[in-house]
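Working notes, beginning with the structure itself.
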Number of protein chains: 2
Amino acid sequence: MSSKRSVTIEDVARAANVSRQTVSRVINRLPSVSADAKARVEEAIARLGYVPNLAARRMGGARSFLIMAINDRARTIENWAAGRGNDWVDQMLYGGMMACEERGYHMLFELVDTEPTQAAQQMQRILTSLQPDGIILTQPHSENPALAAQLRERARPFVRIGLPNPDIPAVSVHMDEAGAARAAVEHLTALGHADIALLAGDARYRGSLARREGYVAAMRTAGHSPRVEEGDFSYDKAATIAARWFDEGDGPSAIIAENDEMAFAVLREAGRRGIKVPDRLSLLCFEDTPGVRFSVPPLSAIRQPTAEMVAKACDLLIDRAEGKEVEEEVHVLPFELIVRETTGPRRR
Amino acid sequence: MSSKRSVTIEDVARAANVSRQTVSRVINRLPSVSADAKARVEEAIARLGYVPNLAARRMGGARSFLIMAINDRARTIENWAAGRGNDWVDQMLYGGMMACEERGYHMLFELVDTEPTQAAQQMQRILTSLQPDGIILTQPHSENPALAAQLRERARPFVRIGLPNPDIPAVSVHMDEAGAARAAVEHLTALGHADIALLAGDARYRGSLARREGYVAAMRTAGHSPRVEEGDFSYDKAATIAARWFDEGDGPSAIIAENDEMAFAVLREAGRRGIKVPDRLSLLCFEDTPGVRFSVPPLSAIRQPTAEMVAKACDLLIDRAEGKEVEEEVHVLPFELIVRETTGPRRR
DNA sequence: TTGCCCCTTGTGAACGCTCACACATCTGAT
DNA sequence: ATCAGATGTGTGAGCGTTCACAAGGGGCAA
């Protein structure tokens, strides 16, 4: 029980009367082990309570059993410091940890700066000190070709979370943004809305582009004319736009906001003017964060499958680490349209 | 740039014209290195872009540079699966990651089951596979003497997050629960309230006991009679209690709820009966979660310094790992009383 | 019977670091 | 002048795995 040294592969080998290597083969589920030897080894492992030492496995072989998720330092810390928290990080941890645990891996989070030189250096440190078996790149790092190149060069498998980027050939896991925008429009047209505006995010953001496309296409299909208003994901800009709409009287009857912040702004401006939601205005947003769920009234929203995407990314990376080569480039995960209390039938 | 093998300590030693050991001394900031040698080594490290390999460091020496936070599996997964998220985990990650990063360590999260036998086994696996330099135990694991004994036996430093437990001699980091309860009472008495009820949590929970004490003491000091109502941290129980108060007409003019769920229940029951908060009822709760911040009206609350506690725990563990023996048993971190919109002057 | 291949098994070395120790060199006290 | 102690430095071994390779035995075709 209280032995100083922990049980090693040697101990198991001795107990099972085989060699180190045979034990190793059993642990790693390699072929070429007789049923008899395998049984003896497994018995010995169970009896001695042997657990392989991760660091030693890394030293000897090629795997570290570590998957690394890279997030943007500035944005993440800012959210935390502001007391806003990071629902995104929480979701990532959920998906990643569960997926990794199931296969005997571990998930590590690391923050990397946006600035390219620093990013490269920090990535270098991470790669050589931890030697993760796989890397998960999130926005904005997932759009940085230099980082991708660096990983390629060092032969580190990585997966991008986000829409495919033509400049960065890599495995990408993402949500169907265009489809979600389409679903949003369809939900609203089904409620009788025709004048549906898209309070768009930043056009430099790949996801925003996809949403616009989906929105425009769906509006055309429904026979309505699209109305895209350029926001920038910020509360202030959205508030200005909403104010203009409400005050000039030509506001849409339904609004799709590309993120939660902008939806809050609309809700606030509407509230100030006594515009009841959803009686006189329907509002739906992308991003299903705690704020969205707890807002008053709770916002109808598109839920991004964050945990699922990260879990998928982990699975792909672990597959790769274990030698499975076949991999599709692009993996699309389903979104969810959650109807809460801010979308309702159009007032005639 | 694209060398297959990464730069090792040998390479640095050769470049600086010293031995491995001298390089190692410089890396680990050990004494007994001449200024000259140190400078040469540092130059070589910078020039070659050397970064020590964590796994190898673990193999050679005693440290793994890993700090492990242990959370309860069932509770954590349940929160995640229910879409509630884990603000607690997010906060822990913040505090832990920042503290570890600063000192070259890494933070890993692991879920462990509540059931003692499983917990022991899982802990055993974690200890021998990762060999973390330190372990952070959170509720309910922090109250499990067997787990603490196991860690002691295996000589793994650990820190409990939570009030000291007489059965478990160990370093504990916690918040001043009693003080917070006192502050809550003082805030409310300052607003003119005298009939302040404590909607208590589960008395088997150590923190709840401390809060009761603080509450009772503060009430006595203020010359009011305490009124503790036994809840169990659940929404339903709290709703029942609140309903009784409101319907029987002998409700308090201010309520301190021991967690967010119970506060929501009170808010809901009050709302149903048209009891305006804070006009006719003041409400304050422990736990400053997203739901609390976004509720309507936003709840006045006691913020637990979660991130800070974990950061402190990490610091203590890293100190220990690096040989600093002196350690106080108990570390109290300040809470914060955040006054939002559910506490106001007593209506005369 | 011989030869060949496959299946199973074992052996030494290597991974990149730190530990324990040994060895110089330099200082200052005897 | 000699020795003890401090200071700087280097050497071999070892950490617990896996890798690369070699070797033994059985089956089957020639």
Side-chain angles (χ1 to χ4, degrees), chain A residues 3-41 45 48-66 104 127-131 133 321-323, chain B residues 3-41 44-45 48-66 104 125 127-131 133 321-323:
Chain A
S3 55
K4 263 273 131 359
R5 208 174 50 68
S6 48
V7 182
T8 77
I9 214 171
E10 290 276 4
D11 301 325
V12 176
R14 214 170 302 122
N17 200 30
V18 294
S19 71
R20 280 185 329 241
Q21 188 58 21
T22 299
V23 177
S24 177
R25 287 188 182 104
V26 173
I27 295 169
N28 292 294
R29 295 207 186 74
L30 293 175
S32 296
V33 180
S34 67
D36 178 51
K38 191 175 166 194
R40 288 205 317 277
V41 169
I45 287 178
L48 302 178
Y50 167 74
V51 179
N53 176 326
L54 254 245
R57 282 183 103 173
R58 165 68 202 86
M59 284 300 289
R63 289 180 293 170
S64 63
F65 299 90
L66 256 30
L127 291 180
T128 77
S129 89
L130 274 340
Q131 316 222 187
D133 291 338
E322 312 212 314
Chain B
S3 56
K4 264 271 129 5
R5 209 174 50 68
S6 48
V7 183
T8 75
I9 214 172
E10 290 277 3
D11 301 326
V12 176
R14 214 170 303 124
N17 200 29
V18 294
S19 70
R20 282 182 328 235
Q21 189 58 23
T22 300
V23 177
S24 177
R25 287 188 183 105
V26 173
I27 295 169
N28 292 294
R29 296 206 186 74
L30 293 175
S32 296
V33 180
S34 68
D36 178 50
K38 191 175 167 196
R40 288 205 318 276
V41 169
I45 287 177
L48 301 178
Y50 167 75
V51 180
N53 175 326
L54 254 243
R57 282 183 106 174
R58 165 67 203 84
M59 284 303 287
R63 289 179 294 171
S64 63
F65 300 91
L66 257 29
R125 288 196 74 79
L127 290 180
T128 76
S129 89
L130 273 339
Q131 316 222 186
D133 291 338
E322 312 213 314

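Throughout, a chain's letter reflects where its sequence line sits, starting with A, and its residues are numbered from 1.
Straight-line distance from the CZ atom of R57(B) to the C1' atom of dT17(D): 20 Å, rounded to whole Å. The separation between R20(A) atom CZ and dC21(D) atom C1' is 13 Å, rounded to whole Å. For the pair K38(B) NZ and dT9(D) C1', the computed distance is 16 Å after rounding to whole Å. Taking atom CZ of residue R40(B) and atom C1' of nucleotide dG8(D), one finds them 12 Å apart after rounding to whole Å. Protein atom CD of Q21(B) is 11 Å distant from nucleotide atom P of dA20(C), rounded to whole Å. One interatomic measurement links the two molecules: CG of L30(B) to C1' of dG10(D), which rounds to 15 Å at whole-angstrom precision. Atom CD in E322(A) sits roughly 13 Å away from atom P in dT18(D) (whole-Å rounding). When the C1' atom of dC15(C) is taken as reference, atom CG of L54(A) falls 15 Å away, rounded to whole Å.
Under the side-chain contact (heavy atoms from CB on, under 4.5 Å) rule, V23(A) has a single partner from T8(A), V18(A), N28(A), V33(A), which is V18(A).
In terms of position on DNA chain D, the residue among T8(A) and R25(B) whose nearest nucleotide sits closer to the 5' end is R25(B). Of the residues near DNA chain D, Q131(B) and A37(B), the one whose nearest nucleotide (by heavy atom distance) lies more toward the 5' end is A37(B). Comparing R63(B) and V18(A) by the nucleotide of DNA chain C that holds the closest heavy atom to each, the one mapping nearer the 5' end is V18(A).
To the nearest 0.5 Å, the span separating CG on L66(B) from CG on L54(B) amounts to 7.0 Å. Distance check, rounded to the nearest 0.5 Å: CZ of R20(B) to CZ of R25(B) gives 11.0 Å.
Heavy atoms of P31(B) sit nowhere under 4.0 angstrom from any nucleic acid atom. Here G61(B) lies in heavy-atom contact (under 4.0 Å) with sugar-phosphate atoms only.
Ranking dA13(D), dG8(D), dT17(D) by closeness to the I9(A) side chain, first place goes to dT17(D). Of all nucleotides listed (dA13(D), dT9(D), dT11(C)), dT11(C) comes nearest to the side chain of S19(A). With dG16(C), dG8(D), dG10(D) as the candidates, the nucleotide lying closest to the side chain of A56(B) is dG16(C). Comparing dT9(D), dC15(D), dT9(C) against the side chain of S32(B) picks out dT9(D) as the nearest.
Side-chain N/O atoms of S24(A) include one lying less than 4.0 angstrom from OP1 or OP2 on dT18(D). Residue N53(A) has no polar side-chain atom (N or O) positioned under 4.0 Å from OP1 or OP2 of dC15(D). Dashed line: the shortest gap from a side-chain N or O of S34(B) to OP1 or OP2 of dT9(D) is under 4.0 Å.
Contact of R58(A) with dG16(D) (side chain to base): no donor-acceptor pair of N or O atoms is detected under 3.5 Å.
Counting only distance, with no hydrogens or angles, the side chain of R57(B) and the backbone of G60(B) share no donor-acceptor pair below 3.5 Å. A donor-acceptor contact shorter than 3.5 Å is absent between the side chain of S129(A) and the backbone of V51(B).
Residues L130(B) and S64(B) have side chains not in contact (no heavy-atom distance under 4.5 Å, counting atoms from C-beta outward).
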